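Let me begin by presenting the structure, written as structure tokens, before commenting on it.
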Amino acid sequence: MRLVGLTGGIASGKSTVSSMFKHNHISVVDADIIARDALKKNSGGYKKVVAAFGPDILQDDGQVDRLKLGRIVFSDASKRQLLNRLLAPYISSGIFLEIFKLWIKGHKVIVLDIPLLFEAKMDKWTKPIVVVWVDPETQLRRLMERDNSTGEDARNRINAQMSLELKKSQADIVIDNTGSRQDLQERFSEVLSQVKRPLTWTEFWLSRDGALSALLGVIIGVLAGKKLFW
Ligand SMILES: CC(C)(COP(=O)(O)OP(=O)(O)OC[C@H]1O[C@@H](n2cnc3c(N)ncnc32)[C@H](O)[C@@H]1O)[C@@H](O)C(=O)NCCC(=O)NCCS
Ligand SMILES: Nc1ncnc2c1ncn2[C@@H]1O[C@H](COP(=O)(O)OP(=O)(O)OP(=O)(O)O)[C@@H](O)[C@H]1O
């Protein structure tokens with residue numbers, strides 16, 4: 001099994017690239033969706049976060065007001081670390097559960113779309129690591145346009161993450177998404193062929209079919225051994 005790490009900065013284009021993988025029938029585990037589930041009303045993560053941040057972060061319907069919580073944590077590093085600490089066990093177990101479900105189904109290449117791949121030290125599980133990079137001006141503009149946010153809110157969110165330059169320097173594959181969507185599509189086609197190249201032996205043994213082959217090999221070996229010695 002090949003676990004491909006997909007990361008980048010906020011609004012650098014990870015979800016756009018992740019949709020391209022899905023269109024090409026490659027499974028994607030989306031950490032943002034798992035993190036959203038971890039904050040759903042009455043979930044374990046929700047209870048811990050409400051206990052720590054107080055009922056002021058709730059909407060009238062009892063759900064977490066994500067905009068409000070976002071404003072709090074993206075302007076205060078210690079509160080952000082607290083939120084990360086509270087949600088991390090739910091997010092990592094959610095990611096591993098999704099990987100396991102896909103492994104059972106026999107998927108051989110799985111893309112993990114994890115914004116905080118490096119920050120959460122999950123990069124050691126993935127190879128190759130694909131970083132979607134944009135230049136800082138484009139990143140700020142796209143973020144403000146997409147979220148309809150002020151420059152201050154957008155800068156706070158960008159600064160809450162490890163620098164995109166540092167992420168770029170640790171990537172196996174860099175997708176420069178500063179250009180047009182057409183440019184991105186062309187670069188993506190090159191990356192897709194790298195991601196889909198045949199599995200290495202290690203990746204094969206880690207896949208469901210590889211593990212089953214190994215198990216079958218062991219069973220045949222044991223049976224053959226018994227026959228020899230009887
Ligand atoms: C603070 C929250 C409620 C804000 O919700 P909101 O709907 O406004 O943003 P959303 O969840 O869609 O995240 C948008 C982007 O923000 C960035 N981001 C999210 N959480 C963090 C964080 N803790 N630190 C740095 N960047 C983050 C990511 O690039 C993400 O793609 C939410 O982001 C959250 O619960 N974050 C903590 C969980 C987490 O770490 N998520 C990232 C998954 S690896
Ligand atoms: N090449 C491009 N040209 C123009 N707009 C783009 C391009 N790529 C992405 N966008 C737009 O930029 C915004 C950010 O992209 P996207 O949502 O994919 O980023 P992201 O990295 O997934 O963000 P987040 O970290 O918040 O999840 C979106 O509005 C998207 O439509």
Side-chain angles (χ1 to χ4, degrees), residues 5-22 28-41 43 45-46 48-50 52-53 57-59 63-96 98 111-123 125-126 130-135 137-150 153-164 167 175-188:
L6 174 64
T7 192
I10 185 164
S12 67
K14 296 175 300 296
S15 308
T16 309
V17 171
S18 144
S19 306
M20 292 174 168
F21 277 118
K22 287 183 208 151
V28 176
V29 174
D30 185 330
D32 275 342
I33 293 180
I34 293 168
R36 255 164 241 159
D37 286 344
L39 256 192
K40 279 221 174 108
K41 192 174 171 182
S43 65
Y46 170 95
K48 289 210 166 150
V49 169
V50 176
F53 285 83
I57 60 159
L58 297 180
Q59 302 172 165
Q63 293 283 2
V64 168
D65 184 334
R66 302 179 63 85
L67 196 65
K68 204 168 193 180
L69 182 57
R71 287 230 169 87
I72 295 171
V73 300
F74 291 120
S75 58
D76 183 331
S78 64
K79 295 205 169 127
R80 188 167 60 252
Q81 277 158 15
L82 172 63
L83 180 68
N84 289 349
R85 228 180 14 254
L86 295 174
L87 290 182
Y90 300 97
I91 297 175
S92 49
S93 58
I95 291 173
F96 284 114
E98 289 306 312
V111 171
L112 305 185
D113 176 355
I114 308 184
L116 306 181
L117 184 82
F118 292 110
E119 292 91 332
K121 301 197 179 352
M122 294 189 83
D123 51 311
W125 302 107
T126 59
V130 180
V131 168
V132 186
W133 181 87
V134 272
D135 73 33
E137 296 77 35
T138 310
Q139 183 183 23
L140 182 64
R141 180 172 44 76
R142 286 187 187 157
L143 178 56
M144 289 172 65
E145 277 170 17
R146 188 196 62 187
D147 292 356
N148 205 10
S149 58
T150 63
D153 276 351
R155 272 187 213 94
N156 281 344
R157 285 195 176 225
I158 291 172
N159 294 335
Q161 300 187 340
M162 180 175 152
S163 102
L164 194 44
K167 290 185 181 180
I175 298 180
D176 181 348
N177 184 27
T178 308
S180 65
R181 288 177 193 274
Q182 179 60 33
D183 295 337
L184 176 62
Q185 186 60 58
E186 281 162 26
R187 175 70 183 123
F188 175 77

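What's counted below: heavy atoms across the whole structure, side chains too, no hydrogens, waters or symmetry copies. Each ligand, and each atom within it, is numbered from 1 in the order the structure gives. Keep in mind that what you see is a predicted model, and the values were worked out from it rather than measured.
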Checking the side chain of [X] only, and the main-chain atoms of [Y] only, is there a donor and an acceptor separated by less than 3.5 Å?
X: Asp76; Y: Ile72; value: no
X: Lys167; Y: Gly8; value: yes
X: Thr138; Y: Thr178; value: no
X: Asn177; Y: Ser12; value: yes
X: Ser43; Y: Ala38; value: yes
X: Thr7; Y: Ile114; value: yes
X: Gln161; Y: Leu116; value: no

Can you pull out the closest protein heavy atom to [atom]? Residue, atom name and distance to 0.1 Å, please.
atom: atom 22 (O) of ligand 2; answer: Ser15 OG, 2.5 Å
atom: atom 27 (O) of ligand 2; answer: Asp32 OD2, 3.4 Å
atom: atom 18 (O) of ligand 2; answer: Thr16 OG1, 2.6 Å
atom: atom 2 (C) of ligand 2; answer: Arg142 NH2, 3.3 Å
atom: atom 19 (O) of ligand 2; answer: Gly13 N, 3.1 Å

Practice task
Could you check if a side-chain atom of Ile158 sits within less than 4.5 angstrom of a side-chain atom of Ile10, using non-hydrogen atoms only?
Solution key: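 With C-beta onward as the side chain, the pair touches.
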Exercise for the section: Taking the side chain as every heavy atom from C-beta outward, state whether Glu186 and Gln182 have any atom pair closer than 4.5 Å. Expected result: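 Touching, per the 4.5 Å side-chain cut-off.
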Exercise for the section: Examine ligand 1 and decide if any of its atoms is less than 4.0 Å from a heavy atom belonging to Glu119. Expected result: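 No.
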Problem - side-chain contact (heavy atoms from CB on, under 4.5 Å) partner of Val17, the single match among Val111, Val28, Leu6, Asp113 - result: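 Exactly one pass, corresponding to Leu6.
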At less than 4.0 angstrom from any non-hydrogen atom of [X], what atoms of ligand 2 do you find?
X: Lys14; result: 18 (O), 19 (O), 20 (P), 21 (O), 22 (O), 23 (O), 24 (P), 25 (O)
X: Ser180; result: 1 (N)
X: Gly179; result: 1 (N), 2 (C), 3 (N)

For ligand 1, note which part of [X] has a heavy atom under 4.0 Å away: side chain, backbone, both or neither.
X: Val73; answer: side chain
X: Ile91; answer: side chain
X: Ile34; answer: neither
X: Leu83; answer: side chain

Does some non-hydrogen atom of [X] fall short of 4.0 Å from ligand 2?
X: Ser18; value: no
X: Ser19; value: no
X: Pro115; value: no

Would you tell me which option among [options] has the nearest heavy-atom contact to [atom]?
atom: atom 12 (O) of ligand 1; options: Arg36, Arg80, Lys79; answer: Arg36
atom: atom 11 (O) of ligand 1; options: Gln81, Arg66, Met122, Arg71; answer: Arg66
atom: atom 30 (C) of ligand 2; options: Gln182, Arg181, Arg146; answer: Arg181
atom: atom 8 (N) of ligand 2; options: Leu116, Asn177, Asp183; answer: Asn177

Validation: residues 29-37 side-chain donor-acceptor distances under 3.5 Å, sequence neighbours left out:
| unit_1 | atom_1 | unit_2 | atom_2 | d |
| --- | --- | --- | --- | --- |
| Asp30 | OD1 | Asp32 | N | 2.8 |
| Asp30 | OD1 | Ile33 | N | 3.3 |
| Asp37 | OD1 | Lys40 | NZ | 3.0 |

Practice task
Say whether Ala11, considering both its backbone and side-chain N or O atoms, lies within less than 3.5 Å of an N or O atom on ligand 2.
Solution key: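 Ala11 vs ligand 2: N/O contact under 3.5 Å present.
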